[in-house]
Amino acid sequence: MCEVCAIFGAGEHWSDFARQRDTRFPFADILHYRAERKRRIAMLNALLVPLGLLCEDWDGEALALTDARGRTRIAPTLADVWPVAEGLSGARVDPLADAFFAPSCEMERTDG
Amino acid sequence: MDERLPLIVVTGFLGSGKTTLIRRFVETPEGADSGIVVNEFGEAGVDHRLLVHASEAVELIDGGCLCCARRADVAKALHDLVRMAKTKGGFSRAILETSGLADPAPVIATLARDPWLKAHVRLASVVAVVDAVAGIGNLERRPEARRQVAIADTVVLTKGDLRAAQPRAALEAAIRAVSPDARILDSQDENFRPRDVLGGTESFAAPPSPFLADAPEHEADVASFTLPLDGRVDWPAFTVWLSALLHAHGDRILRVKGLLRTTSSDQPLAIHGVQHVMHPPTHLSGAEAGPSFLVFIASGIRKAEIERSLGRALRHLTMASA
């Protein structure tokens, strides 16, 4: 929890983990939420690093996206990540395009 | 207990009988305690103490698409209704009658994105009224009519007593081709009670029905399909995928709903979304849930594209976080 803002870090967005337990303040399970949040950020980076962006946790409540020039934008929820990523990278996010979920080694093989 | 005011959105093509249905309900003792929002006074024709008029006013936000437009008129009218409910009391639900050509998606987006409204109003149901005479023709020729039915959770058939009425089986087939799991009721049935659709006891986020036959896919038209899912779905991977999909293609995904067993929760979840807007998942007991599946009602997106994208996403993202 952020001791300054008393934010608990479970989130209220439909995709957040508090929604998985139907509770706003999941005190008992906070370590599980943290672990799941960390996994989600690893997944986001698998998609964002190829676009030249890095996603980091912002106080357990929001997500911070930074590009190679050091510009940082905050995405308050998972849904906000995509327009922010498009704005910073200039690339289009399209999960229906095969390349979007291609592992980087697979992309290299295709390219090479 | 959810103490928010239930909202029932009544949509339907021009002349389909929306007003008659609402009037039939609010003139009964059990419907008298309803607040009503209409776009046109003439259209409602309801002499009702809790009538709020909203001139249709659509605001595009952030240069976004029309489905995410904020219905400023709806937001203001609902604010007024909630205040009236608090001050006048004895007021159990709000019924919003959209105009015949209106798209219900911006109404739902307005509700989902306004924090004050979210705290005070609960979307109980989206009811599409389809008339037995012109309904099939409207569904075939008018994209507005297809969108209204695609987004609705309940369809009420009207005018089945008229000589020119189409057979009920043909009407149901036309509706199911757009919205395979919609609840379909006939207002002419002797057992039909308007309170069953307008009473506000339903939940728009109720679990969808599983394993419906896929409706035929037409290029650039509304198609519905079901994706069965094996085992437990990795929730972080699934949410990353679905949020990206709705960001990129939400304007073409009229509805997404599903029942999921996830890696993050022992309880199965029902999920519901209308275009770019997802509603918070609802939790089910293990007993009432079957296998996991997703239902899509989409325009111009094929089942194979979604299936392939989801498969790749789950494999790639799960591997990336291992």
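Numbers restart at 1 for each chain; the letters A, B, ... are given by sequence-line order, proteins then strands.
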> For chain A, which of B/D234, B/L242, B/L310 has the most heavy-atom pairs under 4.5 Å?
Replying inline: B/D234

>> Please classify the contact of A/I41 with chain B as side chain, backbone, both or neither, using a heavy-atom distance under 4.5 Å.
In response: neither

>> Please give me the minimum heavy-atom distance between B/A248 and A/R92, naming the atom from each residue.
In response: O-NH2, 3.9 Å

> Looking at A/D98 and B/R312, what are the two nearest heavy atoms and their distance?
Replying inline: O-NH2, 3.3 Å

> If you take all heavy atoms of B/A244 and A/W82, which pair is closest and at what distance?
Replying inline: N-NE1, 3.3 Å

>> Pair A/D94, B/H249 - check side-chain contact (heavy atoms from CB on, under 4.5 Å), show working.
In response: CA-CA 8 Å; A/D94 184 2; B/H249 300 287; 2.7 Å; yes

> For A/N45, is it the side chain, the backbone, both, or neither that has a heavy atom closer than 4.5 Å to a heavy atom of chain B?
Replying inline: neither

> What closest approach, in Å, do B/A320 and A/A42 show between heavy atoms, and which atom pair accounts for it?
Replying inline: O-CB, 4.3 Å

>> Nearest 0.5 Å, please: how far is CZ in A/R39 from OG1 in B/T263?
In response: 6.0 Å

>> Please report the interatomic distance CE(A/M43) to OG1(B/T318), rounded to the nearest 0.5 Å.
In response: 5.0 Å

> Is it the backbone or the side chain of B/R308 that comes under 4.5 Å from a heavy atom of chain A, or both, or neither?
Replying inline: side chain

> What is the minimum heavy-atom distance between A/R40 and B/P236, and which atoms define it?
Replying inline: CB-CB, 4.0 Å

> Given B/L317 and A/L47, is the side-chain contact (heavy atoms from CB on, under 4.5 Å) satisfied, shown in steps?
Replying inline: CA-CA 8 Å; B/L317 297 176; A/L47 302 173; 3.9 Å; yes

> When rounded to the nearest 0.5 angstrom, what is the spacing between CG in A/L96 and CZ in B/R252?
Replying inline: 7.0 Å

